[in-house]
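Right, one structure below, let's go through it.
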Amino acid sequence: MNRTAPGARPATTGAAMPTEGELIANRLAKREQLLERGGGYPARTIGQDTCQEALSRFESSEAEPAAPGAGAEPRAAVSGRVTGQRVLGRAAFLDLRDGSGTLQLFLGRDALPGEQYALLELLDVGDFVEAEGALFRTRSGEVTLRVESWGILVKALRPLPEKWAGLTDPETRYRERHLDLVANERSREVARLAAATVSSVRRFFEERDFLEVATPVLQEQAGGAAARPFRTYHNALDRELSLRISTELHLKRLLVGGFDRVFEIGRVFRNEGLSHRHNPEFLLLESYEAYRDYEHVAGMVEALVRRVALDVRGTLTIPHGDVVVDLESAWARTTYREALSEHAGIQLTPSWALEGADGRQDAAVAGDGASRERDALAAVASERGVPIAPGASRASILDALMQRLVEPRLVQPTFVFDYPTELSPLAKAREGDPATVERFELFILGYEFANAYSELNDPVEQRARMEEQARKRSSGDEEVEVADEAFLHAVEAGMPPAGGLGMGLERLMMLMTGEHSIREVVLFPALRERERPGAAEPAAGADGGS
RNA sequence: GGGCCCGUAGCUCAGCGGCAGAGCAGUGGACUUUUAAUCCAUCGGCCGGAGGUUCGAAUCCUCCCGGGCCUACCA
């Protein structure tokens with residue numbers, strides 16, 4: 001009973017869409033009829049009021065009745081998507097939703113020109129419409145627009161998710177986020193909270209006279225963090241490039257250039273595994289402030305997170321799963337060394353050796369002593385069930401212990417200060433203590449929220465640290481800081497002392513929304529490519545994906 | 001990477017060796033204050049894919065694809 005002759009349509013349609021279902025065919029036919037009647041896809045609409053405006057206009061008119069007899073029924077003209085339809089024969093109710101909310105429309109056949117009511121035959125839930133008329137309250141009390149004129153703006157060719165259960169399959173929700181957003185108020189809410197988080201962070205820095213900058217995403221060499229980059233290629237330059245893994249090195253070059261307060265909220269890309277906490281691209285906040293140290297930054301971070309919580313949630317106590325994160329009480333402060341002692345029972349000397357394991361070894365036999373220290377730590381790690389890579393350095397064993405035994409326990413906001421120098425090639429060493437740097441990380445909910453240093457600005461020391469990292473790299477560790485000549489040149493021109501901060505904003509969004517998966521706060525999270533039905537059967541003997 | 005679980009109509013789901021099912025949506029009809037409208041009728045399927053077991057497979061087995069949770073890795 002398809003009223004549209006298939007042959008009348010562009011030739012490609014049928015063949016190109018073999019799975020085109022009856023539902024879509026019906027809607028395409030309605031679209032054709034709509035066009036034949038001269039409707040559909042206008043550039044302008046009569047509906048310039050939002051649903052919210054219409055509702056509040058009606059409510060205020062009820063509060064202050066206009067002069068009697070003035071024909072004072074408030075009017076409205078709205079546009080939006082039809083999310084519900086109840087047809088009762090000679091009358092119909094539609095739910096219309098725009099970005100501000102929803103408004104019910106009433107269409108009575110006798111109140112509309114004949115063809116205007118008949119237009120309902122071409123309407124499906126999901127279509128966009130415009131409508132104009134007077135506002136009233138129905139018997140059941142809902143403010144409703146009595147439509148005097150309306151039109152279909154856009155046909156939805158594909159059906160929307162079912163109205164009651166909505167869209168629940170996580171994969172479909174992520175892959176077809178537009179449908180998720182249409183169907184699920186919670187998804188819209190999370191998206192708004194995520195946006196409010198970024199906006200609040202930006203305002204915080206702007207109010208403190210930080211300059212917001214944008215530094216390059218495409219780089220010859222991705223530096224500033226320890227991570228594998230994505231690689232790409234520039235045709236005109238005939239050059240391999242990497243996508244940035246951090247914004248740190250460029251921002252510091254701006255300090256050299258004389259901007260004392262800079263920040264960037266920038267997408268960075270790390271070529272690592274996917275998980276509920278890791279998306280390969282994420283929003284990284286970095287800020288640098290000259291003439292300040294990491295103590296100052298710690299105070300600033302505390303103010304920042306509290307400010308965001310107040311802006312976004314209006315409170316400093318934030319429920320998240322089974323716990324309530326208390327941002328109001330003084331935030332715990334400990335040191336790397338104390339934290340390992342308290343939570344893992346591991347006592348470390350000032351040079352990060354296991355207490356008692358460095359024994360009688362003197363500087364003269366440092367090599368031997370260092371490897372003994374390393375082995376002693378590795379032994380402790382395996383005692384505690386912390387897996388250690390065979391060639392792991394002493395520092396990376398410490399790091400593994402920290403991650404496994406300490407970090408998960410830091411649920412309430414906790415600053416951990418003073419890290420091993422070996423783990424922090426861009427941070428300044430503590431005075432008289434070259435093995436330890438002025439660095440802190442902030443932990444909330446058991447994972448890293450922020451990472452900050454008193455920035456290393458001695459170019460000679462910086463070069464030595466980077467060369468040390470380069471040695472590790474050449475011995476096989478791919479995820480290690482790389483020496484960046486342009487950056488070193490800049491530091492050699494003189495970089496002011498500064499406190500720097502890095503913070504993954506999705507984690508802040510997760511805290512603010514109460515979500516446990518980064519995929520909920522990222523609008524379009526990375527997913528594997530879905531198998532193409534036609535693309536099956538790899539050629540026999542082909543080597544396939546490695 | 002390891003463990004557990006999931007994939008059936010556009011959407012939400014049942015069925016778990018014996019004819020492929022329901023609700024919503026769609027289509028046709030009734031209905032002028034409904035709001036998960038209601039009522040009657042009806043259309044809709046490569047049961048994720050490929051092999052295997054069986055007289056018989058959505059159901060059991062193997063592999064593959066995609067996803068979820070946990071765990072590990074990624075400071």
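Lettering follows sequence order; numbering is per chain, from 1. Computed from a predicted structure; not experimentally measured.
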(request) Using a cut-off of strictly less than 4.0 Å, decide whether Thr168(A) has a side-chain nitrogen or oxygen near OP1 or OP2 of rU12(B). (result) yes
(message) Using 30° and 60° as the class boundaries, would you call the ring planes of Phe440(A) and Phe417(A) parallel, tilted or perpendicular?
(response) tilted
(request) Determine the interatomic distance between C1' on rC13(B) and the same-named atom on rU8(B); round to the nearest Å. (result) 9 Å
(message) Under a 3.5 Å distance rule, please check whether Thr102(A) uses its side chain to pair with a backbone N or O of Arg97(A) as donor and acceptor.
(response) no
(message) Against the six-membered ring of Phe136(A), is Arg146(A) placed for a cation-pi contact (under 6.0 Å from the centre, within 45° of the normal)?
(response) yes
(request) Give the B/S/- string for nucleotides 2-10 of chain B, one per nucleotide from 5' to 3', where a protein heavy atom under 4.0 Å of the base yields B, of only the sugar-phosphate yields S, and otherwise -. (result) --------B
(message) Does anything in residues 403-428 of chain A come within less than 4.0 Å of RNA chain B? Heavy atoms only, and list the residues if so.
(response) Gln403(A), Arg404(A), Leu423(A)
(request) Ignoring hydrogens and angles, tell me if any N or O in the side chain of Arg394(A) forms a donor-acceptor pair with the backbone of Leu377(A) under 3.5 Å. (result) no
(message) Using the C1' atom as the point on both nucleotides, what is the distance between rA57(B) and rG48(B), in whole Å?
(response) 16 Å
(message) Under the salt bridge (charged side-chain N to carboxylate O under 4.0 Å, His left out) definition, can you give me all pairs with a residue in residues 85-96 of chain A, not counting sequence neighbours?
(response) Arg86(A)-Asp95(A)
(request) Could you work out the separation of rC55(B) and rU71(B) based on their C1' atoms and round it to a whole Å? (result) 45 Å
(message) If I take atom CZ in residue Arg109(A) and atom P in nucleotide rU34(B), what distance separates them, rounded to the nearest angstrom?
(response) 19 Å
(request) Could you check which nucleotide pairs with rG21(B) in any of the strands shown, counting Watson-Crick or G-U wobble with both distances under 3.5 Å? (result) rC13(B)
(message) Quick check for you: among rU34(B), rG26(B), rC74(B), whose closest atom lies nearest to any side-chain atom of Gln104(A)?
(response) rU34(B)
(request) Please examine the side chains of Val416(A) and Met402(A), heavy atoms only from C-beta on, and report whether any two atoms are closer than 4.5 Å. (result) yes
(request) Using only side-chain N and O atoms of Ser275(A), determine if any of them is under 4.0 Å from OP1 or OP2 of rC69(B). (result) no
(request) Using heavy atoms to find the nearest nucleotide of RNA chain B for His516(A) and Arg277(A) separately, return the residue whose nucleotide is more 5′. (result) His516(A)
(message) Testing Glu468(A), Glu461(A), Glu467(A) one by one against Arg465(A) for a salt bridge (Lys or Arg N to Asp or Glu O under 4.0 Å), which residue passes?
(response) Glu461(A)
(message) If you only use heavy atoms from C-beta on, which nucleotide in rG26(B), rC73(B), rC69(B) is closest to the side chain of Ser517(A)?
(response) rC69(B)
(message) List the residues meeting ring-ring contact (aromatic ring centres under 6.0 Å, His included) with Trp352(A), not counting sequence neighbours, and say none if there are none.
(response) Tyr336(A)
(request) Please tell me if the side chains of Lys155(A) and Lys30(A) come closer than 4.5 Å, counting only heavy atoms from C-beta onward. (result) yes
(message) Rounding to an integer number of angstrom, what distance separates rC6(B) and rA14(B) when you compare their P atoms?
(response) 10 Å
(message) Both distances below 3.5 Å, Watson-Crick or wobble geometry, any strand: find the nucleotide opposite rG66(B).
(response) rC6(B)
(request) Pull out every residue in residues 333-341 of chain A that has a heavy atom closer than 4.0 Å to any atom of RNA chain B, ordered by number, or say none. (result) none
(message) Nearest whole Å is fine: how far is rU34(B) P from Glu142(A) CD?
(response) 11 Å
(request) Go through the steps to decide whether Arg175(A) and Glu171(A) satisfy the test salt bridge (Lys or Arg N to Asp or Glu O under 4.0 Å), and finish with yes or no. (result) CA-CA 6 Å; Arg175(A) 287 191 196 276; Glu171(A) 180 180 359; 2.7 Å; yes
(message) Say we look at rU59(B) and rG52(B): how far apart would their C1' atoms be, to the nearest angstrom?
(response) 15 Å
(request) Name the nucleic acid region contacted by Leu179(A), choosing base, sugar-phosphate or nothing; use a 4.0 angstrom heavy-atom cut-off, strictly under. (result) nothing
(message) Suppose you measure atom C1' in rA58(B) against the same atom in rC46(B); what distance do you get, rounded to whole Å?
(response) 12 Å
(request) Starting at atom OH of Tyr117(A), determine the distance to atom P of rC31(B), rounded to an integer number of angstrom. (result) 11 Å
(request) Sticking with atom C1', work out how far rU42(B) lies from rA25(B), rounded to a whole angstrom. (result) 14 Å
(request) Side-chain contact test, heavy atoms from C-beta onward, threshold under 4.5 Å: evaluate it for Phe415(A) versus Trp331(A) and give yes or no. (result) yes
(request) Could you say whether Asp169(A) or Arg146(A) is positioned toward the 5' end of RNA chain B, judged by the nucleotide with the nearest heavy atom to each? (result) Asp169(A)
(message) I'd like to know if the side chain of Glu286(A) reaches the main chain of Thr247(A), judged simply by a donor and an acceptor atom lying under 3.5 Å from each other, with no hydrogens or angles considered.
(response) yes
(message) Measure CG/Leu105(A) against P/rU33(B) and give the value in whole Å, please.
(response) 17 Å
(request) Report the distance from atom CG of Asp127(A) to atom C1' of rG26(B), rounded to the nearest whole Å. (result) 13 Å
(request) Just name whichever nucleotide pairs with rC31(B), Watson-Crick or G-U, keeping both distances under 3.5 Å, else none. (result) none
(request) Please confirm whether the backbone N or O of Leu523(A) pairs with a side-chain atom of Arg177(A), one donor and one acceptor, at under 3.5 Å? (result) yes
(request) Check the distance between rA36(B)'s P and Phe93(A)'s CZ and give it to me in whole angstrom. (result) 13 Å
(request) Can you tell me, in whole Å, how much space there is between the C1' of rC63(B) and that of rU53(B)? (result) 15 Å
(message) Taking any heavy-atom pair under 4.0 Å as a contact, classify Phe136(A): base, sugar-phosphate, or nothing.
(response) base
(message) Under a 3.5 Å cutoff, is there a donor and acceptor pairing between the side chains of Tyr419(A) and Asp399(A)?
(response) no
(message) Using the side-chain heavy atoms of Arg439(A), tell me which of these nucleotides is nearest: rA75(B), rU33(B), rA36(B).
(response) rA75(B)
(request) Would you mind pulling out the nucleotide paired to rU42(B), Watson-Crick or G-U wobble, both distances under 3.5 Å? (result) rG26(B)
(message) Ring-plane angle category for Phe230(A) and Phe269(A), please: parallel below 30°, perpendicular beyond 60°, tilted otherwise.
(response) perpendicular
(request) Would you check if the side chain of Arg27(A) reaches a backbone N or O of Ala156(A) as a donor-acceptor pair within less than 3.5 Å? (result) yes
(message) From CG of Leu167(A) over to C1' of rC13(B), roughly how many Å is that when rounded to an integer?
(response) 14 Å
(message) Without decimals, in angstroms, what is the distance between Glu171(A) CD and rC69(B) P?
(response) 12 Å
(request) Compare every heavy atom of Pro113(A) with every heavy atom of Glu148(A), then report the nearest pair and how far apart it is. (result) O-CD, 4.3 Å
Do any N or O atoms of the protein come closer than 3.5 Å to N or O atoms of nucleotides 37-40 of chain B, and which pairs are they?
residue, atom, partner, partner atom, Å
rA37(B), OP1, Lys163(A), NZ, 2.3
rA37(B), OP2, Arg86(A), NH1, 3.3
rA37(B), N6, Val87(A), O, 2.8

